[in-house]
Amino acid sequence: INACSFPLVSSSLTHKPWIETEYQGIVMENDNTVLLNPPLFALDKDAPLHYAGEICGFRVHNGPSGSASVQFEAVVLDRSTGEGLVRSKEPLDCESQREHSFTIQAYDCGEGPDGVNSKKSHKATVHVRVNDVNEFSPVFVERRYEASVPEGRLFDRIVRVEALDADCSPQYSQICFYDIITPNVPFAIDNDGNIKNTEPLDSKRQRVHTFWVTAFDCGKNRAQADTQVVVTVKPSCKPGWIGWTKRVEYTPGSGSIPLFPSLHLETCEETVWNIQATVELQTGHIGKGCDRDSYSDRSVRRLCGAVRGEVDLLPPPSPAANWTTALPTLPSSDSSLVFSFNGSNHVAVVPDSVVSALSGDHFTLQLWMRRGGANIQAATTQTRGNRKEEETIVCSTVKNDDSFSHYSLSVHGCRLSLFYWPDVSAARPVKFLWKLEQVCDSEWHHLSLSVQFPSVTLYVDGVTFDPALIHDNGAIPNPAPHQRMFIGACWGKALCLWSLVKYIGGYHGLLSGVTIRPGSVEPHSVVECLYACREGLDFGDLETLGSGMKVHVNPSQSVLVLEGDDIESFNRAVQQVTYRNSLRFATPGVRPLKLTTSLRCFNEESCLSLKQLEGYLVVLQPDAPQISLSGVGPHLARPAPEFEGPRGVPPFPRRRPSLVSICVLSQFNDVSCPLHHLLALMSDAVAHTLDGCEVQPLGEELNPEREELLVDMDVVRERGLEIINTTAYIAITGAESISVYEDVLRSVRYRLAKGSARFERRFRLSCSEMNGRYTSNELTLEVNFLHSLDSLYHPSHLLASQQQFLHPSHHAGELSGHTLPNPHRNSVVPGAATIIIMVCVGFLVVMVILGVFRIRSIHRRGEGSRSGAKEGSSQWDDSALTIIVNPMESYESRMGISADTEGEGEEDEEVAESPDDASDDQRIIIKKEGRDGNARRY
């Protein structure tokens with residue numbers, strides 16, 4: 001040190017020692033000497049004075065951690081130069097603490113050897129870093145690594161091994177390279193531990209490959225223990241769905257069944273971040289898009305709770321509804337009537353008597369439609385330039401209180417429009433417009449249009465759609481104030497005579513169930529019920545849906561979409577996709593199934609592409625219900641005056657067992673249902689619903705002048721059923737329970753006009769379910785009319801009886817123009833009536849003969865013994881004559897029932913039973929008690 005650089009010092013102690021303000025030091029783990037930068041020197045300006053200019057020592061103070069002063073110390077190497085040394089008191093460990101900080105301070109020797117009045121320097125900060133020594137070797141995280149790969153492919157990475165080094169420094173803690181120490185294996189490893197195959201693997205040649213791997217750190221220390229790697233070679237992996245069953249069977253009444261119980265997706269180790277699967281059930285060929293209630297549209301409305309009062313604009317052709325007679329119809333699997341329109345001359349003109357009941361600006365128009373349709377010839381081209389005209393579905397002008405309103409529902413392309421004119425003479429029209437894909441997809445769709453002008457609500461397949469309003473429709477001429485309604489087109493401008501109507505805007509497609517109900521609109525719940533499919537896709541349990549999974553089902557439940565990002569959760573979700581059909585008697589047949597899958601991978605170039613899977617669902621034939629009509633007949637006998645009363649006689653009286661019984665025949669059990677079952681004998685307690693019964697007279701139709709079938713219309717109206725009563729049949733229709741139909745059938749009565757000479761009438765009763773899909777047995781009932789002898793003694797009857805008696809060549813089965821029953825039938829009363837008449841006629845003849853003999857005997861009374869003999873054998877006492885009528889005797893003799901044997905010595909008269917009881921033993925007995933005291937029976 002150049003002493004010239006220090007100022008002259010005084011003889012007294014005036015200066016403090018001086019050191020640097022900060023030092024950086026390093027120390028090795030296996031050494032305790034700290035190498036400082038800069039070196040530790042303390043200077044004092046009092047030098048070269050003895051004691052005052054010398055450095056006697058250094059003091060170490062706590063650093064930020066508070067422990068460095070314990071681990072380090074500083075010593076003076078030369079008091080005159082102030083050189084010092086910093087060292088650790090104990091070995092340091094880099095892995096436990098790599099850096100240390102503390103402060104150091106120098107002090108001089110003061111004024112004497114005892115260090116009196118010594119001075120201290122300022123405190124300097126010392127930072128010490130402990131240098132690492134490569135004392136640890138690498139250690140593998142796992143002792144064994146396993147992987148499986150499909151054969152025949154080269155992989156960038158099959159498995160990654162990893163080793164760690166406990167040294168603290170990057171130089172010795174990092175793994176510099178790995179090495180496969182097993183020779184002759186088709187694998188390689190990089191410095192990061194990634195193992196790949198160097199050639200395609202063959203599972204047939206070697207299924208499992210086992211080899212060892214070691215690791216080296218950057219200090220060239222080898223791992224303490226090597227790790228084992230096991231690679232299993234799988235047979236060729238084909239990405240796609242595994243467990244697909246092409247045919248799925250569904251037994252009606254099974255509820256919901258899983259469609260893919262064992263299906264899972266194999267991606268062959270390809271990493272995907274989004275999976276989307278679309279399941280499509282094609283039911284367009286089943287009815288109107290799916291399996292629905294097999295009842296008429298009117299019956300379905302009743303079952304859905306719709307308000308009554310709708311008017312059917314396209315009713316089945318009949319004498320009362322003849323405006324649909326010229327329209328072609330197509331068969332429908334759901335038994336509904338489908339009308340075809342060709343866009344030109346297929347138009348239904350609703351009569352004024354129907355249109356007059358549809359006034360008002362509040363109404364609900366409902367219909368099923370399908371654009372295009374099947375087996376329909378191309379419509380006549382109607383163009384305005386190159387632009388096709390709108391196709392009109394309904395066009396109507398109705399009369400309100402003192403004005404006319406007009407509306408038309410049309411389709412044009414994929415647009416549906418309602419053109420509404422509240423007052424054709426004053427107000428401007430408003431056009432409501434909807435753009436819908438459903439209008440142009442050539443599929444069946446249900447439309448419900450609720451108009452509460454100026455509010456209009458449209459439901460398509462139960463889903464609400466909001467319209468776009470167009471108030472400026474240009475110069476449109478006002479419709480003529482004439483009340484009319486067309487279905488399938490609209491009328492032209494020039495309308496002089498109905499025979500010269502020009503149709504414009506013809507509709508090309510299919511229509512069914514077109515109804516309109518004036519007044520309040522239908523609630524949304526009813527609209528949903530009218531459209532609701534009874535079959536479709538569903539998801540089993542949403543609570544078990546995995547995290548990140550989404551499920552979407554369209555309103556018709558024909559398309560279900562699954563979306564997720566985890567393959568395991570996705571596979572579990574696919575296995576819970578179900579098919580359900582709530583109909584007890586589902587429509588049998590094939591429903592095609594499609595499964596479309598879309599994958600999105602991190603590496604889009606190598607992302608998998610899966611082909612569409614196709615299969616089909618087979619709905620088996622349901623167990624057919626057997627509708628059994630029993631509990632009545634086959635014979636009903638009543639006195640004729642009861643039939644001639646104002647209310648007649650019910651042919652189906654209230655009896656037990658029930659009139660109608662239903663049981664279900666299993667397709668695996670061919671046992672017929674017993675007829676004595678009550679109401680609904682069903683194994684699964686399904687509530688059956690009848691939709692029609694018919695009572696038909698057999699033989700000739702009813703003669704309205706002499707006979708008629710009466711129905712309690714109050715009962716029919718109360719139950720909401722419809723009835724057609726003609727001389728040929730009575731038809732009761734409408735979906736209702738069995739008990740309701742029983743009540744209505746019991747209210748049917750048969751009445752005869754007074755003086756009718758009819759002795760029998762046969763009726764046939766039949767019922768049906770599911771819109772005629774299942775029919776009952778035909779129950780035949782023979783009604784017999786019991787006539788008294790007073791009525792039979794009427795001259796007209798007597799004359800007819802004498803003619804028949806005197807002319808045996810005539811047929812015995814004809815009497816006064818009425819046909820008597822065949823003796824081989826199981827008929828009771830007609831044979832008895834014949835016996836009554838013939839016996840009575842014979843009795844009259846005998847009486848005449850006996851009268852002649854009696855007159856002759858009077859003249860011969862005086863001739864002695866001969867006259868006595870005559871009186872003993874031929875004389876009668878008229879007061880002792882008794883006639884008992886039993887028309888059942890001939891029937892009992894045919895059925896093998898023995899007649900009672902009467903003794904010759906009976907003295908008492910036989911008492912006639914009431915003819916009201918058809919089962920009593922009634923006979924025609926002529927008894928005469930002669931003068932000899934003996935009773936004779938004829």
Between K204 and E151, does any NZ, NE, NH1 or NH2 come within less than 4.0 Å of an OD or OE carboxylate oxygen? no
Taking G692's backbone N and O only, do any of them form a donor-acceptor pair with Y741's side chain (distance below 3.5 Å, no angle check)? yes
Looking at CZ of F465 and OH of Y459, how far apart are the two atoms once the value is rounded to the nearest 0.5 Å? 12.0 Å
Do any N or O atoms from the side chain of D192 and from the backbone of N194 form a donor-acceptor pair under 3.5 angstrom? no
What heavy-atom pair brings V740 and E736 nearest, and what distance separates the two atoms? CG2-OE1, 3.5 Å
Taking atom types as modelled, is there a side-chain donor on T596 or Q612 under 3.5 Å from an acceptor on the other? yes
Would you please test V231 and V149 for side chain to side chain contact (heavy atoms under 4.5 Å, CB included) and show each step? CA-CA 7 Å; V231 178; V149 293; 4.0 Å; yes
Step by step, work out the side chain to side chain contact (heavy atoms under 4.5 Å, CB included) result for E535 and T283. CA-CA 9 Å; E535 69 171 342; T283 58; 3.5 Å; yes
Under 3.5 Å donor-acceptor, D566 side chain and N571 backbone: no
Exactly one candidate in V574, L593, D538, L595 meets side-chain contact (heavy atoms from CB on, under 4.5 Å) with L259; the answer is L593
Just to verify, what does E199 make a salt bridge (charged side-chain N to carboxylate O under 4.0 Å, His left out) with, not counting sequence neighbours? R205
Modelled atom types, side-chain donor and acceptor of T597 and W241, under 3.5 Å: yes
Could you walk me through whether L449 and Q366 pass the side chain to side chain contact (heavy atoms under 4.5 Å, CB included) test, one step at a time? CA-CA 6 Å; L449 190 68; Q366 300 192 42; over 6 Å; no
Which of parallel (below 30°), tilted (30 to 60°) and perpendicular (above 60°) describes Y250 and Y579? perpendicular
Report the residue from V159, L201, V213 that forms a side-chain contact (heavy atoms from CB on, under 4.5 Å) with F187. L201
In the structure I gave you, are the side-chain heavy atoms of P622 and Y774 within less than 4.5 Å of one another anywhere? yes
Can you tell me how far apart CZ (R580) and CG (L537) are? Round to the nearest 0.5 Å. 9.0 Å
Quick one: which residue pairs count as a side-chain hydrogen bond (donor to acceptor under 3.5 Å, both in side chains) with a foot in residues 254-267, not counting sequence neighbours? none
Any side-chain heavy-atom pair of V411 and Y507 under 4.5 Å: yes
Nearest non-hydrogen partners of L154 and P200, listed with the distance: CD2-N, 3.6 Å
Side-chain touch S776/S768, heavy atoms, less than 4.5 angstrom: no
Ignoring hydrogens and angles, state whether a donor on the side chain of H446 or D461 is under 3.5 Å from an acceptor on the partner side chain. no
For W368 and V514, what are the C-alpha separation, side-chain angles and deciding distance, and is it a side chain to side chain contact (heavy atoms under 4.5 Å, CB included)? CA-CA 7 Å; W368 286 93; V514 182; over 6 Å; no
Should we count NZ of K550 as having more than 12 external heavy atoms under 6.0 Å? no
Main-chain N/O of L433 paired with S417 side-chain donor or acceptor, under 3.5 Å: no
Quick check: are there more than 12 heavy atoms from other residues, nucleotides or ligands sitting under 6.0 Å from CZ of R415? no
Does any N or O in the side chain of T578 come within less than 3.5 Å of the main-chain N or O of P258, such that one atom is a donor and the other an acceptor? no
Quick one: do the D226 and T214 side chains pair a donor with an acceptor below 3.5 Å? yes
Please determine if R144 and E142 form a salt bridge, counting it only when a charged side-chain N lies under 4.0 Å from a carboxylate O. no
Using a strict 4.0 Å threshold on nitrogen-to-oxygen distance, state whether R371 and E391 make a salt bridge. yes
Taking the side chain as everything from C-beta on, heavy atoms only, tell me whether I189 gets closer than 4.5 Å to F177. no
With a 4.5 Å heavy-atom cut-off, do P186 and N197 have their side chains touching? no
Is there side-chain contact between L367 and I393, with heavy atoms separated by less than 4.5 Å? yes
Look at the side chain of S598 and the backbone N and O of Q276, then say whether any donor-acceptor pair between them is shorter than 3.5 Å. no
Is there a side-chain contact between Y616 and R591 in this structure, where contact means two heavy atoms from C-beta onward sitting under 4.5 Å apart? no
Restricting to non-hydrogen atoms, name the atom on L560 and the atom on F539 that form the minimum distance, rounded to 0.1 Å. CD1-N, 4.4 Å
Using a cut-off of 6.0 Å, state whether more than 12 heavy atoms not belonging to D541 lie near its atom CG. yes
